[in-house]
There are 2 protein chains.
Amino acid sequence: MSLEPWDELRTALQVARAGTVSGAAQRLGVHHATVIRHIDGLEDRLGVKLFQRHAKGYALTEAGRMLTDGAAEAEARFDKLAARLDMLQSGIEGDLCVTTVPELCDIVLPVLSQLRADNPQLVPCLRVEERLARLEYGEAHLALRAGARPTEPDNVVQPLGALPVALFAAPAYLERRGMPRTEADLADHDVVTVEPGHARAPFDRWMEQHARHVGLHSNDRTTLLAAMRAGLGLGFAPASLQSDALVQVMPPRPDWSAELWLVTHVDLHRSPKVQAATTALKARFAALADESL
Amino acid sequence: MSLEPWDELRTALQVARAGTVSGAAQRLGVHHATVIRHIDGLEDRLGVKLFQRHAKGYALTEAGRMLTDGAAEAEARFDKLAARLDMLQSGIEGDLCVTTVPELCDIVLPVLSQLRADNPQLVPCLRVEERLARLEYGEAHLALRAGARPTEPDNVVQPLGALPVALFAAPAYLERRGMPRTEADLADHDVVTVEPGHARAPFDRWMEQHARHVGLHSNDRTTLLAAMRAGLGLGFAPASLQSDALVQVMPPRPDWSAELWLVTHVDLHRSPKVQAATTALKARFAALADESL
DNA sequence: TATATGCTTTGCGTCCTTGCACGATACCAT
DNA sequence: ATGGTATCGTGCAAGGACGCAAAGCATATA
């Protein structure tokens with residue numbers, strides 16, 4: 001007993017989804033007679049009733065549920081596959097989707113801008129998300145992550161080195177509270193940082209240990225930057241940050257640095273488009289590391 | 001872009017496996033020309049070359065590898081499905097495959113025997129394996145496990161209660177070394193048990209802590225029983241053990257008992273055949289627990 | 001160099017699958 | 001009650017996919 005041909009599984013899945021033969025036929029773009037014949041053929045070959053013929057449509061039996069569950073998983077797998085193939089076949093043109101965390105988008109943005117200038121056919125897209133995008137689903141070509149080395153299977157992760165992180169504050173704040181010179185001076189200052197217990201990055205953990213007075217907690221990094229600009233306290237930011245509203249209070253230190261990772265899907269990381277993006281990003285981050293020396 | 005119809009994926013998979021169109025055609029039971037047409041159609045629809053036409057056959061491209069990998073996973077999933085459906089559709093007849101660990105087969109065997117007597121059409125099969133059989137692959141209908149509660153997804157696990165475990169020895173051994181009366185007496189006796197550090201079951205751990213003189217180590221439970229019969233020392237066995245060669249030295253104790261679990265696949269545990277087996281096994285083990293009170 | 005042996009490719013006739021149309025049935029609203 | 005609107009089921013004709021056989025091609029062997 002075998003459940004070939006696979007096409008009939010697909011129609012069975014659509015019948016299960018639609019609940020009616022006609023609906024499934026419409027979605028599949030075939031005649032409803034064809035759908036009936038597929039289901040009948042499948043049931044005959046399997047010797048099991050997959051659907052209960054109801055006046056209002058087809059209802060799944062236990063066996064039918066099993067089969068369509070399996071078919072649904074296969075369909076999802078094939079969809080992923082199609083998305084990846086779609087990406088693979090394109091040259092340096094069309095969409096290029098990069099995802100990263102909020103902290104890094106200021107650094108990534110110029111790279112994408114340059115990439116677009118060099119390749120007029122390329123339209124870059126920068127998605128900012130905390131979670132790691134499902135690269136195997138084709139949600140993104142590239143992901144830029146900070147922190148622990150990502151371990152997803154089928155993803156190739158390349159080290160981007162450490163991101164220099166420095167301590168910043170608003171000029172108004174420094175005018176009011178003075179410029180801290182040594183680590184000991186920090187005890188007298190307010191800081192803005194992540195919520196207690198949520199420190200993940202090295203600099204956040206450092207802050208958690210050294211901060212005495214907290215001006216503001218937030219789960220959102222952008223909010224923290226805004227709080228720093230508003231003069232609520234000292235805070236960490238990438239050393240490359242260029243802003244009139246914030247000045248560097250202390251230079252980058254190795255134990256503050258966050259490890260950066262460039263992660264792509266195995267099947268995509270050799271495609272020309274992704275290659276172009278990775279080399280550009282690598283160059284940019286190498287330059288950042290040099291600057292901070 | 002879509003990779004329907006699914007049948008063409010299946011032929012592509014076979015071409016990748018066989019390496020030649022002719023070989024794939026033979027495996028699929030279709031003509032060479034059909035295979036070629038499927039591949040060509042797939043490539044046209046996808047716009048990607050899946051195979052490099054070599055004089056000696058078809059070689060996978062990068063895209064082809066991706067696609068056939070996905071197809072292979074789907075095929076494996078469908079195979080599982082077919083196996084489960086095969087099992088589901090049968091009544092209380094045909095094969096009934098039960099797997100368990102060596103320690104328990106003496107207890108399970110009479111149940112299967114009774115089951116066979118009650119259902120002439122049923123031919124039971126008892127597979128003895130240390131590892132948990134892949135129930136989703138249709139390797140077995142039922143698995144009987146001891147120890148920690150199994151956690152496989154898609155498996156329904158039912159508690160069978162605790163298996164009463166007692167301390168046994170060969171009559172010849174007891175004649176030579178005397179009958180231990182108290183726990184303290186055990187210090188003067190030889191024991192046979194599993195290898196150090198491999199104690200998993202409660203009674204094995206207990207033995208590891210209390211045993212002073214070890215007569216024999218073995219990784220194989222059957223060997224341990226043989227060693228007990230040969231008079232190499234005291235050892236644990238299910239309290240239900242009936243044997244002229246071994247006598248019970250100490251009655252079952254709660255802290256020796258091993259938790260038992262009856263595990264089936266979700267899609268199968270409601271089928272009449274599996275139901276018949278589970279009720280019979282449950283009754284048997286409930287009776288065992290009562291006896292030892 | 002010639003021969004042989006695989007393979008792929010292509011043209012043609014046939015069979016199977018599909019699409020179409022019509023009929024049957026059940027449910028709902030007027 | 002009756003017309004309307006869904007649904008599923010089946011006979012018949014057309015088109016597309018299949019199998020067959022011959023041709024083309026490349027590599028290996030004598």
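Below, read A as the first sequence line, B as the second, and so on, with proteins coming before strands; counting in each chain starts at 1.
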Next on the checklist: Do the side chains of B:R53 and B:D40 get close enough for a salt bridge, i.e. N-O under 4.0 angstrom?
Outcome noted: yes
Could I get a table of every N or O pair under 3.5 Å where one atom is in the protein and the other is in nucleotides 26-30 of chain C?
none

Checklist outcome for this item: Atom NZ of B:K49 and atom P of C:dT8 are separated, to the nearest Å, by 15 Å
Checklist outcome for this item: Numerically ordered, the residues 21-38 of chain B set in heavy-atom contact under 4.0 Å with DNA chain D is B:V30, B:H31, B:A33, B:T34, B:R37, B:H38
Item to check | d(CG, A:D7; P, D:dC18) in whole Å | outcome: 10 Å
Next on the checklist: Are more than 12 heavy atoms, taken from residues, nucleotides or ligands other than A:R270, located less than 6.0 Å from that residue's CZ atom?
Outcome noted: no
Item to check | Pair listing, ring pair (Phe, Tyr, Trp, His ring centres under 6.0 Å) test, anchored in residues 7-48 of chain B, at least two apart | outcome: none
Next on the checklist: B:L142 vs B:L281, test: side-chain contact (heavy atoms from CB on, under 4.5 Å). Steps then yes/no.
Outcome noted: CA-CA 10 Å; B:L142 250 102; B:L281 282 168; 3.5 Å; yes
Next on the checklist: Working to the nearest 0.5 angstrom, can you tell me the gap between A:L268 CG and A:K273 NZ?
Outcome noted: 8.5 Å
Checklist entry - If every non-hydrogen atom of A:W261 is compared with every non-hydrogen atom of A:V157, which pair is closest and at what distance? => result CE3-CG2, 3.7 Å
Checklist entry - Between A:F51 and A:Y58, what is the ring plane arrangement, given parallel below 30°, perpendicular above 60°, and tilted in between? => result tilted
Checklist entry - C:dT18 P sits how many Å from A:I39 CD1, rounded? => result 12 Å
Next on the checklist: Quick check on D:dG9: is either OP1 or OP2 less than 4.0 Å from any side-chain nitrogen or oxygen of A:Y58?
Outcome noted: yes
Next on the checklist: Please report the distance, rounded to the nearest Å, between CG in B:D40 and P in C:dG11.
Outcome noted: 13 Å
Checklist entry - What do you reckon, is CD of B:Q26 surrounded by more than 12 foreign heavy atoms closer than 6.0 Å? => result no
